[in-house]
Visitor: 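Provided herewith is a single structure, encoded as structure tokens, for subsequent inquiry.
Each chain gets a letter, A, B and so on, in the order its sequence line appears, and its residues count up from 1.
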2 protein chains.
Amino acid sequence: MLTKKGLKEFCADARENYLPHISIDCVVFGFHEGIMKVLVLKVQNEDEWYLPGGFMLKNEPIEKAANRILKERTTLDKIFLQQFHVFGDPERSKEHFDMYKDMLPAKENWFANRFLTIGYYALVDFFETSPNPDQFAESCQWRGLDDLPDFKLDHALILKTALDTLRLQLNYQPIGYNLMPKEFTMPELQKLYEAILDKKLDRRNFQRRMLGFGILTRSDEPRKGGAHKAPYLYSFDLENYEAALREGFKGGW
Amino acid sequence: MLTKKGLKEFCADARENYLPHISIDCVVFGFHEGIMKVLVLKVQNEDEWYLPGGFMLKNEPIEKAANRILKERTTLDKIFLQQFHVFGDPERSKEHFDMYKDMLPAKENWFANRFLTIGYYALVDFFETSPNPDQFAESCQWRGLDDLPDFKLDHALILKTALDTLRLQLNYQPIGYNLMPKEFTMPELQKLYEAILDKKLDRRNFQRRMLGFGILTRSDEPRKGGAHKAPYLYSFDLENYEAALREGFKGGW
DNA sequence: GCAAAAGTGTTGAGCATACACCCATGT
DNA sequence: ACATGGGTGTATGCTCAACACTTTTGC
């Protein structure tokens, strides 16, 4: 939560630069140790949790705004981003309104407005990401899907909707290029799918199916060093991958 | 196009009642004589075409606004509506801006604003719909997908995106309850699918597949009067239909 | 040599496709 | 009777799920 002075400064700045009534909230998915993780923000000195979000510059394309916001939170550029829904319940930002309503008169108070928020989800490489808190937050951190905090506002709904969309997407689009390192083994990729879908898949059928999509390249060198039989390393064939992204494929899990 | 007086009145009213920077545009699909039709508006005395759209009251949920707008255009209530995308290119409403920029100073000119538009598509019963023009339009009429006008703004993109979404939806959701009359024959339903997908389907396989979804009820009375063998009449089993809407089914066309 | 991880193969069920055939009705 | 639209049946092939077998590696 901001101090009165901080709020006043923020509002003056926001009114000048941002489109009113509109925000962007992002669900940033990463994959680490077999668990799907989401970037969450914790407010200073409070047990309050949010998804990373922000506002749109007056003359900025939506997707650019989402990219800019995420770059600030993750240091990542060129993130895979997908708009998935607009949340516009008139009461959805009431908590924010109540929190700040006594500090500034409504006319200059940015948070006295109703906000529609455009939901984006992002898929990022966990290891390339350096979470950065924003001016409202004390920390920005990864949380597993099995260990989510209680979100403020409608951010739990936003997260759930993003996850549902992602699961649906899995049925007709390749996923993984943005979530995996450059090279990976088939079992590692399978763990990603299992984490997203929250269910076990058959090792052998997964392999056949995945290879059938024709979006993977097997490198000559298997991964060494581990115990047991050395698995092959794969990477995505970007050309085919992107063709599949555009055209989609059939069938589901 | 509005007169200066009309514009001034509209803008004063809009500024008081509507959320700035945000509009809603709707792609209304109907089905008639084997062709998918879309509701389009024609501007008075100009060869300019738009999709039906409008603005959101300051305290109105998005979906309510879309419903209200469509009720005005179609006289229909309780329309099947699906939000599908937000279009937010900063230049997208430039045509509107240019058209009205000399009539009113930017400060009072509603159309001097940048607008994000939330795209909804609607599925309606062609025969229940009575198209009504709005204050900007001279006519509101159905046009077949094969006979679309050149749209202004980005409305061609909005329509295409809606159609793509609808086709995707066909893969995992039942469609038809909102587009067909209460009772219909299997060949009639097939024509709907063919019109949406723009390709021929096998009569017999379509029937088996459709019945396999378990969302149809066959009535005892076949349709009489026509030449040839009397086809059975079907209606949707609303309970199963809605369950299928929620849970989706697998496989595509 | 054994356990565990990973690669490859096989089989059977179910579903989609492409047909063939039968029934009803108006001309 | 026959053309046409419509309902039902069947053979083929493909895909997916389930499961068996083999290979590699560290202990």
Visitor: What is the separation between atom NZ on A:K200 and atom P on D:dA18, rounded to the nearest whole Å?
Guide: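 Interatomic distance, NZ of A:K200 to P of D:dA18: 15 Å.
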
Visitor: Which label fits B:F29 and B:Y121: parallel for a plane angle under 30°, tilted from 30 to 60°, or perpendicular past 60°?
Guide: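 The rings of B:F29 and B:Y121 stand perpendicular, inter-plane angle above 60°.
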
Visitor: Sugar-phosphate means primed atoms, P, OP1 and OP2; the rest is base. With that split, encode nucleotides 6-13 of chain C 5' to 3' as B, S or - using protein heavy atoms under 4.0 Å.
Guide: BBBBB---

Visitor: Not counting sequence neighbours, which residues clear salt bridge (charged side-chain N to carboxylate O under 4.0 Å, His left out) with A:E242? List them please.
Guide: none

Visitor: Given atom CZ of B:R209 and atom C1' of D:dG7, what is their separation to the nearest angstrom?
Guide: 20 Å

Visitor: Rounded to the nearest Å, what distance is computed from the CG atom of residue B:L189 to the P atom of nucleotide D:dG7?
Guide: 12 Å

Visitor: How many whole angstroms separate atom CG of B:L233 from atom C1' of D:dG6?
Guide: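 Rounded to whole Å, this separation is 13 Å.
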
Visitor: Could you state the CD-C1' distance from A:Q190 to D:dA17, rounded to the nearest angstrom?
Guide: 14 Å

Visitor: If we ignore hydrogens and angles and just use 3.5 Å, is the side chain of A:Q173 paired with the main-chain N or O of A:L245 as donor and acceptor?
Guide: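 Flag set: sc A:Q173 to bb A:L245 pair under 3.5 Å.
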
Visitor: What's the CZ-P distance between B:F206 and D:dG5, to the nearest Å?
Guide: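 Distance, rounded to whole Å: 18 Å.
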
Visitor: Centroid-to-centroid, B:F236 to B:Y241, below 6.0 Å?
Guide: yes

Visitor: Please test B:F151 against B:Y50 for ring-ring contact (aromatic ring centres under 6.0 Å, His included), starting from the C-alpha separation and ending with a verdict.
Guide: CA-CA 6 Å; B:F151 288 106; B:Y50 294 93; 8.3 Å; no

Visitor: Show every salt bridge (charged side-chain N to carboxylate O under 4.0 Å, His left out) that has at least one partner inside residues 178-198 of chain A, sequence neighbours left out.
Guide: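 Non-adjacent pairs meeting salt bridge (charged side-chain N to carboxylate O under 4.0 Å, His left out): A:E188-A:R223, A:E194-A:K200.
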
